[in-house]
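Nothing here was measured: the structure is a model prediction, and the numbers come from that model. Each chain gets a letter, A, B and so on, in the order the sequences are listed, and its residues count up from 1.
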Number of protein chains: 2
Amino acid sequence: MVVDEEVDRLFHALADATRRDLLRRSADGELSVSRLADGYAMSFAAVHKHVAVLERAGLVTKTRHGREQLVRTDPAAVARARQALDELEATWRGRVDRMSDLLAHPTRGENR
Amino acid sequence: MVVDEEVDRLFHALADATRRDLLRRSADGELSVSRLADGYAMSFAAVHKHVAVLERAGLVTKTRHGREQLVRTDPAAVARARQALDELEATWRGRVDRMSDLLAHPTRGENR
DNA sequence: GTAACGTATAACCAGATGGTTGTAGATGAA
DNA sequence: TTCATCTACAACCATCTGGTTATACGTTAC
């Protein structure tokens, strides 16, 4: 089970097109923050902040390589996001099922 | 393929614990905004705003029932969120695969 | 050794977000 | 009809967000 604040950070990080693009471009971990920043019409500092948001959400990791900091997407993190969605869906699917059950067996659904 | 701004709204709506809870509680669409609001330590207006965010993201729909407005989670919307995650994962899985391929057949991986 | 590059961080700003209280209009119940 | 309830929205406020420029510090290249 995934804790609330972590899910907050996760979905918040995903709720920005630039950051989602950064995630895609950081798949194989060969690009530095500067190289990543080259792709956008914003300052290096802005991109650096976006990477920081992704990092705090656990979606990417950085590894030093000389003076560069290589960024790599963490597949496990996206799996965590999916799990959070799954848990959401499961809860509410559960409720719907309970209701269907209630409709199917009305005489037995009185105390819930 | 899901358009960017829609995904923004989707993930932003999901990035708040109160709203995720509202989604769960709105599974079977039997609760009004007021009934939903009873569950939280915040004003009705605040909950009303949260519901509006969910609505703009397409995660819930409201249907009038007398003077009440019943809120119901839209399963298709959560499916859209999942699809967005899938597309993200696919892109980057694709990159990783291409890289693995490059490592496996170094002489054939020059033009990509 | 010095210059260039890459990263990190601070200070600042406009606009969005998440909360509040207050008010007003519809609708249903007495 | 009158009153209570539910919804909607406006105005306000503090904080967060996403951008900027400027500056400082390590590391590499020359």
Heavy-atom donor-acceptor pair, [X] side chain to [Y] backbone, under 3.5 Å:
{"X": "B:Arg19", "Y": "B:His12", "result": "yes"}
{"X": "B:Arg20", "Y": "B:Leu14", "result": "yes"}
{"X": "A:Gln69", "Y": "A:Arg64", "result": "yes"}
{"X": "B:Ser26", "Y": "B:Thr73", "result": "no"}

Determine whether [X] and [Y] fall in the same hydrophobic cluster, where Ile, Leu, Val, Met, Phe, Trp and Tyr are linked whenever their side-chain heavy atoms lie under 4.5 Å apart.
{"X": "B:Leu59", "Y": "B:Leu85", "result": "yes"}
{"X": "B:Leu54", "Y": "B:Val78", "result": "yes"}
{"X": "B:Leu36", "Y": "B:Leu70", "result": "no"}
{"X": "A:Leu31", "Y": "A:Tyr40", "result": "yes"}
{"X": "A:Met42", "Y": "A:Val71", "result": "yes"}

Could you pull out the protein-nucleic contacts involving nucleotides 28-30 of chain D (nitrogen or oxygen on both sides, under 3.5 Å)?
none

What nucleotide, of C:dT20, C:dA8, D:dT7, holds the atom closest to the side chain of B:Phe44?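 From the listed options, D:dT7 comes nearest.
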
Among the nucleotides C:dA8, D:dA8, C:dG19, which one has an atom lying closest to any side-chain atom of B:His50?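 From the listed options, C:dG19 comes nearest.
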
Specify the separation, in whole Å, of atom [atom1] of [X] and atom [atom2] of [N].
{"X": "A:Arg20", "N": "D:dG18", "atom1": "CZ", "atom2": "P", "result": "12 Å"}
{"X": "A:Asp16", "N": "D:dC16", "atom1": "CG", "atom2": "P", "result": "18 Å"}
{"X": "A:Tyr40", "N": "D:dG18", "atom1": "OH", "atom2": "P", "result": "15 Å"}
{"X": "B:Glu68", "N": "D:dT5", "atom1": "CD", "atom2": "C1'", "result": "9 Å"}
{"X": "A:Asp38", "N": "C:dC5", "atom1": "CG", "atom2": "P", "result": "12 Å"}
{"X": "A:Gln69", "N": "C:dT7", "atom1": "CD", "atom2": "P", "result": "7 Å"}
{"X": "A:Met42", "N": "D:dT21", "atom1": "CE", "atom2": "C1'", "result": "16 Å"}
{"X": "B:Arg64", "N": "D:dC6", "atom1": "CZ", "atom2": "P", "result": "12 Å"}

Please confirm whether the shortest side-chain N or O distance from [X] to OP1 or OP2 of [N] is below 4.0 Å.
{"X": "A:Ser43", "N": "D:dG19", "result": "no"}
{"X": "A:His48", "N": "C:dA8", "result": "yes"}
{"X": "A:Ser34", "N": "C:dT7", "result": "yes"}

Want to settle it: does B:Arg35 or B:Ala45 sit nearer the 5' end of DNA chain D, counting the closest nucleotide to each?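 Mapping each residue to its closest nucleotide by heavy atoms, the 5'-most match is B:Arg35.
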
Minimum heavy-atom distance between B:Arg25 and B:Arg35, given as atom pair plus value: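 Closest approach of B:Arg25 to B:Arg35: NH2-O, 3.6 Å.
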
Pairwise N/O distances under 3.5 Å, protein to nucleotides 12-17 of chain C:
none

Scan B:Ser32 against the nucleic acid and name what it touches under 4.0 Å (heavy atoms): base, sugar-phosphate only, or nothing.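 Sugar-phosphate only.
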
